[in-house]
Structures are given as structure tokens and as C-alpha cells.
There are 2 protein chains.
Amino acid sequence: MAQARYTAIKEHIIRQIDGRHWLAGDRVPSENELAVEFAVSRMTARRALQELSEQGLLVRTQGLGSFVADSRPMSSLLEINSIDREIAARGHSHRAEVLCLEECHADHPTALMLGLADGAAVYHSIVLHWENNTPLQREERFVNPLFGPDYLKQDFTRVTPSVYLSGISPLTEADQTIEAVNVSTEVAAALQIAQDEPCLQLKRRTWCQRGIVNLASLVYPGSRYRFGGHLNF
Amino acid sequence: MAQARYTAIKEHIIRQIDGRHWLAGDRVPSENELAVEFAVSRMTARRALQELSEQGLLVRTQGLGSFVADSRPMSSLLEINSIDREIAARGHSHRAEVLCLEECHADHPTALMLGLADGAAVYHSIVLHWENNTPLQREERFVNPLFGPDYLKQDFTRVTPSVYLSGISPLTEADQTIEAVNVSTEVAAALQIAQDEPCLQLKRRTWCQRGIVNLASLVYPGSRYRFGGHLNF
DNA sequence: CAGTGGTCTAGACCACTGG
DNA sequence: CAGTGGTCTAGACCACTGG
């Protein structure tokens with residue numbers, strides 16, 4: 001087939017939006033109006049509107065109509081999402097197990113990354129995140145006490161460290177790296193994997209306005225997780 | 001309405017996948033089979049399969065059927081850069097070694113990802129990329145001959161496959177995943193690493209306007225490479 | 001060839017919104 | 001109330017796939 005009719009309708013609508021003929025918030029023709037205009041059935045006109053809605057170009061409300069969306073959302077390069085929401089989005093249950101929650105002294109590499117003096121007091125946590133009955137992520141954090149003074153008093157089985165930290169001071173920056181690593185016997189045991197299973201390790205530093213908030217190391221079994229995304233050019 | 005019928009069908013399929021009754025690569029019932037089983041019209045059964053396909057749980061191919069997709073979860077996103085430019089940016093020298101360049105027949109998973117029929121003719125290349133005197137990346141590609149008819153005639157020691165492909169047809173989309181994996185003895189030997197060294201594997205599919213151009217698998221030794229990025233909020 | 005998904009029609013009933 | 005989008009039907013023709 002040369003071109004599907006719903007595609008022709010989509011392209012027509014996109015042209016109107018790109019050409020600024022239809023602006024954000026404007027009502028676009030209804031399913032019935034498009035069906036008449038393009039001499040197609042309502043189902044075909046509907047498909048065009050539906051797909052544009054899924055692509056984020058239109059917003060549709062029953063009883064009201066279809067409207068040009070505010071602006072085309074750019075796919076952010078790296079997003080930070082919280083593990084509990086991510087698991088919930090898959091319809092699975094999340095459970096957090098606190099393996100460690102203490103004050104300790106930063107060793108040299110940790111202090112360097114946090115911008116603190118060697119041996120400075122930092123808060124340290126290790127939390128294991130379960131998806132249903134399988135460990136999915138081991139989360140280890142070193143937190144600058146300046147930016148999370150009550151960190152040690154939190155119940156991280158109820159609110160994840162990530163959610164807690166982003167709640168007390170808005171994050172302004174982050175950098176992260178992703179590596180493939182082997183893990184220690186302790187970590188392998190916690191994650192319930194074989195010692196030689198390759199793991200993904202995401203290391204992330206987050207900033208608030210006044211400085212580096214924390215250093216996180218997130219370890220996922222290679223067989224249970226992958227990072228991914230979709231790009232549009 | 002209590003629940004839409006297409007939602008009930010979707011939930012049924014999701015249960016089968018979650019319950020490991022249907023595994024990655026398995027064929028799921030066709031539109032017609034679901035229509036009979038759930039006593040709905042084909043359009044309604046179709047909608048269930050279609051939405052699951054858009055959500056990434058199924059992969060559909062005309063004439064073949066609908067199949068369970070690789071189910072491991074995904075998160076976040078990285079950008080695409082070319083290995084030779086990246087090495088050059090570090091002030092190092094890049095060299096490419098062509099290990100394989102041939103026409104072959106796509107096996108089932110490869111065909112699925114490319115949207116081709118099982119056994120369809122595809123172009124296949126394996127190129128090893130060196131940074132100074134150390135192998136950094138093993139690049140394996142399956143290319144749809146439709147979008148790169150002269151692929152086998154190229155000299156990939158001069159122009160990388162990535163640069164060649166993006167030159168002949170502008171890319172419009174890509175999706176990619178990053179995993180931690182073990183590699184075969186052959187791949188370990190090519191990369192000059194120990195058999196048990198964990199590696200990063202980036203799998204990328206790229207689209208041009210008319211369809212899926214190619215499937216790339218990039219493998220990096222875990223000790224020599226990591227992905228990273230900086231975010232501003 | 002029979003089976004698959006891709007597109008499309010011309011109807012239908014419904015829940016919801018504004019006037 | 002008339003108009004909107006949400007769901008659904010029972011057909012149709014098509015391109016494509018495997019055997």
C-alpha cells in the first residue's frame with residue numbers, strides 16, 4: 001500500500017502544528033469532522049488522533065475534543081527514576097530490606113568523590129530492593145551529613161533513600177557511569193546470584209544547589225536487568 | 001464500563017508472560033484465535049495485541065505472528081556516538097579490523113528484531129575496534145539489505161559501519177539496551193581478555209524513514225570501558 | 001495454499017462534557 | 001440537548017509468510 005489513510009491524516013495534522021497554524025491548546029477537528037473531510041470511516045480518523053495522542057502531540061478528553069499539546073516533549077537523555085516506582089509500573093510488588101545504616105568515616109576515594117576531607121564523617125546505607133520475591137538492586141550510598149542530617153533516622157523500608165533525599169533538597173545535577181563488574185561473595189549472596197555472574201553497576205553522584213549530596217552505587221544482576229531507551233532524531 | 005474487553009485480554013496475556021507460561025520468543029495466540037477464545041471481534045483482540053506490542057511486551061510480524069519479547073526491564077537512556085571519533089577525542093589512534101563480512105540467513109531472534117522473515121538474507125559484519133594497541137570494542141551487525149545494498153562492498157577499515165550506514169539513509173529512531181554479559185572464548189580472545197571478565201553489551205536497533213536499518217551488538221571489556229553522562233535538572 | 005497481521009468500513013451503544 | 005471521545009461488531013481486501 002502506498003500510504004495508509006490514517007498516516008495521511010496524521011501528516012496533515014502534524015503539518016498544521018509544525019506550521020504554527022494550530023497552536024498549543026487549540027482544538028483540532030473531531031473524529032467525525034476528520035472522517036468527513038478525508039472521506040474515511042470514523043475508526044480510521046480515530047486512529048490518526050489516537051496515535052498522535054500516544055506520541056504526545058495531542059491531548060484528548062472525552063466529551064470535549066482533541067487539543068494540540070503544550071509542546072513536544074523531548075526524550076531526556078538520561079532520566080533518574082526511583083526503583084520502587086519502576087517496579088510498581090510493571091505491576092509488581094517492591095520491598096526494601098535495610099542491610100546497613102550507620103555513620104562511618106569516608107575513605108580516600110569516597111571523600112574525593114564527595115568533595116570532603118579524608119576520614120570525614122559520612123552516613124552510609126545499604127538497601128536491597130526486591131521485585132516480588134527476587135532481589136533486583138543492591139543500593140549502597142554515602143551521604144553528606146550536611147545535606148541529609150536526619151538520614152540515619154529514616155525507615156527506608158517505607159521511603160527509599162532516593163525519594164527521601166530528593167525530597168529534602170531539590171537536585172540540580174547528577175553524573176553517572178555504567179559499568180560491568182564482578183561482585184564480592186557477600187554481594188552475590190545478597191542478590192542471590194552465582195559469584196561469577198556479571199553485574200551492572202551504576203554509580204551516580206547528585207548535587208543540590210549547595211554541593212554534592214550523595215554518592216550511590218546501584219548493582220543489578222546482569223541476568224535480571226538492563227538499561228535502555230528509545231531515541232528520536 | 002467495568003472493564004474493557006481488550007483490557008481483559010491484555011491482562012490474560014500479561015499473566016501468562018509473568019507466570020513464565022509463555023517465554024521470550026514464544027508465539028502467542030493470533031488475533032483470530034484470541035477473538036474466538038474471548039468471544040470478541042477480531043478488532044478487539046487485535047487492539048490487545050497491538051497495545052502490548054507498543055508497550056514492548058510483544059513483537060509482531062506480518063505473516064508470522066506475535067511473539068513474547070525479551071522481558072527484562074529497561075531504564076534510562078544514553079546517546080549515540082561513533083567509536084572512532086570518541087577515541088580520536090581522547091587523542092588516541094583508532095584502528096578497525098574486519099573479522100567477518102558476509103551475507104547470511106537471519107535466525108529467529110535476529111529476524112524478529114529486524115522485522116524480517118526467518119532465514120531472510122541479511123548482511124553480517126564483525127569489526128574489532130582498537131584504541132592504540134588494545135582492542136576496545138567488538139562490533140557485530142546485521143543489516144537489512146534493503147537499506148544498505150552495497151554494505152558488503154565497503155572497506156570498514158576506512159569508514160566504520162556506523163558512519164557508512166548513517167550516511168546512506170538518515171536515521172530517524174533508535175532503541176538500545178545495555179547489559180552485563182559473559183562472552184564466548186572466541187570473543188574473549190579477540191578482545192584479549194580473560195574468559196571470565198564481565199563485559200558491557202550495547203544492543204542497538206536503528207530506523208530510517210522506511211524501516212529497521214540494522215541491529216548492532218557492541219561488546220566492551222568491563223575493565224576498559226564504561227558508559228556515562230552528566231545531567232542538569 | 002492456509003494463516004498471519006495491516007488497513008478499512010459502516011454501522012452501534014456508551015460515558016462524558018458543555019450549554 | 002447535541003457533540004465528543006471510548007468501546008465494539010462483523011464483515012472486507014490486502015501483503016506477507018511458511019509449508
Side-chain angles (χ1 to χ4, degrees), chain A residues 1-13 25-69, chain B residues 1-13 22 25-55 57-69 105-122 144-146 210-212:
Chain A
M1 188 171 300
Q3 191 195 35
R5 303 201 198 186
Y6 72 88
T7 304
I9 300 176
K10 284 178 67 177
E11 289 179 353
H12 170 256
I13 295 172
D26 286 357
R27 200 181 146 281
V28 310
S30 71
E31 298 178 354
N32 285 315
E33 289 166 344
L34 287 171
V36 170
E37 185 181 348
F38 286 87
V40 298
S41 73
R42 193 192 138 205
M43 286 291 276
T44 300
R46 172 180 177 71
R47 175 160 179 183
L49 292 174
Q50 195 59 37
E51 293 194 0
L52 289 170
S53 163
E54 283 155 13
Q55 288 169 27
L57 278 142
L58 299 180
V59 177
R60 282 153 68 76
T61 311
Q62 191 174 24
L64 270 177
S66 304
F67 303 84
V68 178
Chain B
M1 187 171 301
Q3 191 197 37
R5 303 202 198 185
Y6 71 88
T7 304
I9 301 177
K10 283 178 68 177
E11 290 180 353
H12 170 256
I13 295 172
W22 297 347
D26 286 357
R27 204 182 142 278
V28 311
S30 70
E31 298 178 354
N32 285 315
E33 289 165 344
L34 287 172
V36 170
E37 184 180 350
F38 286 86
V40 298
S41 74
R42 194 192 136 205
M43 285 292 276
T44 300
R46 172 181 176 72
R47 175 159 179 184
L49 292 173
Q50 196 59 37
E51 293 194 0
L52 289 171
S53 163
E54 282 155 13
Q55 287 169 27
L57 274 113
L58 299 180
V59 177
R60 283 154 67 75
T61 311
Q62 191 175 23
L64 269 178
S66 304
F67 302 84
V68 178
H105 298 285
D107 62 10
H108 180 65
T110 304
L112 257 186
M113 297 293 281
L114 280 173
L116 296 174
D118 280 14
V122 294
N144 186 339
L146 206 57
R210 295 174 299 153
I212 299 174

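Just so it is clear: chains get the letters A, B, ... in the order the sequence lines come, proteins before strands, and each one is counted from 1.
- Computed from coordinates, the E31(B) CD to dC14(D) P distance equals 18 Å when rounded to whole Å.
- Remark on DNA chain C: of its neighbouring residues T61(A) and P29(B), the 5'-side contact belongs to P29(B), judged by nearest-heavy-atom nucleotide.
- L49(B) has its side chain within reach of L58(B): a pair of non-hydrogen atoms, C-beta onward, lies under 4.5 Å apart.
- Atom NE2 of H12(B) is surrounded by more than 12 heavy atoms from other residues, nucleotides or ligands within 6.0 Å.
- One finds a side-chain N or O of S30(B) lying less than 4.0 angstrom from the OP1 or OP2 phosphate oxygen of dT4(C).
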Requested in this report: Go through R47(B) and M43(B) one step at a time and tell me if the side-chain contact (heavy atoms from CB on, under 4.5 Å) criterion holds.
Outcome: CA-CA 6 Å; R47(B) 175 159 179 184; M43(B) 285 292 276; over 6 Å; no
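- Taking every heavy atom of both residues into account, E31(A) and A45(A) meet most closely at O-CB, 3.5 Å.
- In this structure, the CZ atom of R60(A) is 15 Å from the C1' atom of dA15(C), given to the nearest Å.
- Closest approach of H105(B) and G119(B) over heavy atoms only: ND1-O, 2.9 Å.
- Inter-residue side-chain proximity for L57(A) and I13(A) is flagged as unmet; no heavy-atom pair is nearer than 4.5 Å.
- Atom CD in Q62(B) sits about 18 Å away from atom P in dA2(C), given to the nearest Å.
- Residue R5(B) contributes atom CZ, which lies 9 Å from atom P of dA10(D) at whole-angstrom precision.
- Here Y6(A) does not reach the OP1 or OP2 of dC8(C): none of its side-chain N or O atoms lies under 4.0 Å away.
- Separating the NZ atom of K10(A) from the P atom of dT7(C) is a distance of 10 Å, rounded to the nearest angstrom.
- Side-chain atoms of Y6(A) and V40(A), non-hydrogen and from C-beta on, never get closer than 4.5 Å to each other.
- Rounded to whole Å, the distance from NE2 on H108(B) to P on dG18(D) is 10 Å.
- Across the protein-nucleic acid pair, L116(B) atom CG and dG5(C) atom C1' stand 16 Å apart, rounded to whole Å.
- Helical stems in DNA chain D, defined as runs of 3 or more consecutive Watson-Crick or G-U wobble pairs with both donor-acceptor distances under 3.5 Å, are listed by first residue as C:1-16 with D:3-18.
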Requested in this report: Dump the intermediate steps for side-chain contact (heavy atoms from CB on, under 4.5 Å) on L112(B) and L64(B), then the final yes or no.
Outcome: CA-CA 10 Å; L112(B) 257 186; L64(B) 269 178; 5.8 Å; no
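- Annotation for R60(B) and S53(B): closest pair CD-CB, 3.6 Å, computed over non-hydrogen atoms.
- Between the CG atom of L112(B) and the P atom of dG5(C) there is a distance of 12 Å, given to the nearest Å.
- For residues 36-51 of chain B, proximity to DNA chain C is found at R42(B), M43(B), R46(B), Q50(B), defined as any non-hydrogen atom under 4.0 angstrom from a strand atom.
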